[in-house]
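Here is the structure we will look at, set down as structure tokens.
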Protein chains: 2
Amino acid sequence: MTYANDMSATQNSSSTARLASGLRPAVMRLRRRLANERDPEANLSMTSSSVLAALFTADELTLGALAALERVQPPTMTRTINALEDDGYVTRRPGENDRRQVLIAITDKGRQIVLATRARRDEWLSRRLEELSADERAVLRQAVPILEKLATA
Amino acid sequence: MTYANDMSATQNSSSTARLASGLRPAVMRLRRRLANERDPEANLSMTSSSVLAALFTADELTLGALAALERVQPPTMTRTINALEDDGYVTRRPGENDRRQVLIAITDKGRQIVLATRARRDEWLSRRLEELSADERAVLRQAVPILEKLATA
DNA sequence: TATTGTTATACTCTATAACTATA
DNA sequence: TATAGTTATAGAGTATAACAATA
């Protein structure tokens with residue numbers, strides 16, 4: 001049962017390949033786990049939460065910028081923003097210099113829901129993180145910006 | 001719904017909470033990036049690839065075990081296995097001791113596709129990983145088992 | 001009765017293509 | 001013509017509920 005042995009001829013690129021084929025399922029499985037554990041009371045999808053968090057910091061971004069940030073196509077972001085607008089968490093207005101653009105701004109209600117759900121939204125993940133060792137958390141703190149860099153590459 | 005008492009939860013664990021709210025979008029965005037970059041020639045979804053990789057190592061697993069591993073519900077795994085069986089990559093047979101179970105085994109054709117697509121499937125990710133520094137790759141190697149632990153928690 | 005898996009059904013997320021309006 | 005966003009449509013992935021077979 002030693003199929004791991006086909007990895008033992010370890011050149012530099014084969015080690016990287018092994019990292020790739022380990023990282024991919026890890027990301028996939030953790031993402032599904034997080035989707036299962038998200039707060040059901042705040043009726044926000046993971047993308048909606050992420051968009052609101054970005055707007056909480058940036059105040060106002062174009063729809064295209066949000067689509068690029070979240071790595072989705074513009075029609076997908078249009079639908080996400082529609083849902084957030086219906087709930088009163090964001091507003092649309094035309095761009096000032098370029099009126100083709102649509103500027104998305106967070107509302108007071110949107111800020112409130114971010115504050116209210118921030119702790120609870122990540123409750124499951126926070127608890128699991130607290131069960132890790134300090135060293136393991138330190139590894140993850142270092143890993144997050146690298147994962148973001150890969151996502152943006 | 002009231003937003004009153006939420007910030008009190010952040011006192012001791014604000015650092016962990018910050019890690020949680022950084023890790024979640026990073027995982028989400030990277031997963032979408034990986035989905036965009038997967039090999040279009042091998043007609044395997046990310047879940048199918050992951051299932052075949054698990055069976056490549058384990059030879060045979062129950063449908064329930066595969067569902068638990070991939071963090072999906074049994075009906076979802078049934079559909080994934082149906083597709084893999086249609087393509088001749090896996091076979092079904094009833095469990096020997098417990099005939100309610102369904103044992104999923106990888107076929108020779110399944111092994112071939114794993115070998116044939118392993119390098120190409122992760123080509124985009126492998127290239128991005130090679131562009132990182134050795135230190136960054138080392139961080140990710142340490143992070144992968146921690147991410148898996150979180151996914152399984 | 002409880003458990004393993006399947007079938008039926010529906011919902012969420014996402015994409016591509018075609019369109020509108022600006023540039 | 002080119003670009004930013006929307007509308008229309010379709011596909012992939014997933015879940016829950018009801019069911020069948022077996023324990």
Side-chain angles (χ1 to χ4, degrees), chain A residues 25 27-40 42-51 60-87 90-105 151, chain B residues 25 27-40 42-51 60-87 90-105 151:
Chain A
V27 166
M28 207 168 46
R29 289 169 189 152
L30 181 51
R31 176 256 168 193
R32 280 199 284 248
R33 192 71 167 98
L34 292 172
N36 290 343
E37 294 295 339
R38 75 172 183 273
D39 184 0
N43 202 11
L44 296 174
S45 73
M46 288 207 295
T47 303
S48 295
S49 298
S50 187
V51 164
E60 194 167 52
L61 291 167
T62 66
L63 188 142
L66 286 169
L69 176 67
E70 296 299 324
R71 295 274 147 192
V72 296
Q73 294 300 310
T76 300
M77 188 51 63
T78 292
R79 296 193 61 171
T80 300
I81 296 302
N82 286 347
L84 288 172
E85 193 181 27
D86 287 348
D87 289 339
V90 303
T91 57
R92 276 183 164 88
R93 69 185 180 99
E96 286 165 359
N97 301 330
D98 183 340
R99 286 153 55 84
R100 293 171 305 181
Q101 292 185 328
V102 172
L103 293 169
I104 313 297
Chain B
V27 166
M28 206 169 48
R29 288 169 189 152
L30 180 52
R31 176 255 167 194
R32 281 199 285 249
R33 191 71 166 100
L34 291 172
N36 290 343
E37 294 295 340
R38 74 172 183 273
D39 184 0
N43 203 12
L44 296 174
S45 73
M46 288 205 296
T47 303
S48 295
S49 299
S50 188
V51 165
E60 194 166 52
L61 291 168
T62 66
L63 188 140
L66 285 169
L69 176 67
E70 296 299 325
R71 293 276 148 191
V72 296
Q73 293 300 310
T76 300
M77 188 51 63
T78 292
R79 295 190 60 169
T80 300
I81 296 301
N82 286 347
L84 287 172
E85 193 181 27
D86 288 347
D87 290 339
V90 303
T91 57
R92 274 184 166 87
R93 70 185 180 100
E96 287 165 0
N97 300 330
D98 184 340
R99 285 152 57 83
R100 293 171 305 181
Q101 293 185 327
V102 173
L103 293 170
I104 313 298

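Every chain is numbered from 1 and lettered A, B, ... according to where its sequence line falls, protein lines coming before strand lines.
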Whole angstrom value for the distance that separates P of dA12(D) from CD of Q73(A):
17 Å
Side chain of R32(B) (C-beta onward), nearest among dT14(C), dT7(D), dA8(C)
dT14(C)
Send over the distance from R99(B) CZ to dA2(C) C1', rounded to a whole Å.
19 Å
Got a donor-acceptor contact below 3.5 angstrom from the R32(A) side chain to the E70(B) backbone?
yes
Rounding to an integer number of Å, can you tell me how far L61(B) CG sits from dG5(C) C1'?
16 Å
Distance col, row R92(A):CZ vs T78(A):OG1, nearest 0.5 angstrom, shows 6.0 Å
Considering all heavy atoms, the nearest S50(B)-R29(A) contact:
OG-NH2, 3.0 Å
How about V51(A) and M77(A): do any of their side-chain heavy atoms sit closer than 4.5 Å?
yes
Please pick, from dA21(D), dG5(C), dT6(D), the nucleotide with the shortest atom-to-atom distance to any side-chain atom of R100(B).
dA21(D)
Quick check on DNA chain C: between L44(A) and G95(A), whose nearest nucleotide comes earlier from the 5' end?
L44(A)
Only one of T76(B), V90(B), D86(B) forms a side chain to side chain contact (heavy atoms under 4.5 Å, CB included) with I81(B), so which one is it?
V90(B)
Whichever of M77(A) and N36(A) has its nearest DNA chain D nucleotide further upstream toward 5':
M77(A)
Side chain of T62(B) - closest among dT6(D), dC13(C), dG5(C)
dG5(C)
Nearest whole angstrom, please: distance from the C1' of dA15(D) to the CD of E70(B).
17 Å
Rounding to a whole Å, what distance do you find between R71(A):CZ and dA15(C):P?
11 Å
Of the listed dT6(D), dT4(C), dA4(D), the closest approach to the D98(A) side chain comes from dA4(D)
Among dA2(C), dA17(C), dT14(C), the one nearest V72(A) by side-chain distance
dT14(C)
Checking contacts here: which listed nucleotide (dT14(D), dT6(C), dA23(D)) is nearest the side-chain heavy atoms of L63(B)?
dT6(C)
Identify, between R31(A) and P74(A), the residue whose nearest nucleotide on DNA chain D lies closer to the 5' end.
P74(A)
Presence of T76(A) side-chain N/O under 4.0 Å of dC13(C) phosphate oxygens OP1/OP2
no
Roughly, in whole Å, what's the span from CG in N97(B) to P in dT4(C)?
14 Å
Can you see if the side chain of T80(B) gets near the phosphate of dG13(D) - specifically, an N or O under 4.0 Å from OP1 or OP2?
no
Point-to-point distance, once rounded to the nearest 0.5 Å, from CG of L34(A) to CZ of R71(B):
11.0 Å
For L103(B) and dT6(C), what is the distance between atoms CG and P respectively, to the nearest whole Å?
11 Å
Do the side-chain N or O atoms of R79(B) get closer than 4.0 angstrom to the phosphate oxygens (OP1, OP2) of dT14(D)?
no
Has T78(B) got a side-chain N or O lying under 4.0 Å from the OP1 or OP2 atom of dT6(C)?
yes
With a 4.0 Å cutoff (strictly under), does any side-chain N or O of S48(A) reach OP1 or OP2 of dC13(C)?
no
In whole angstroms, the gap separating P of dG5(C) from CG of N82(B) amounts to 13 Å
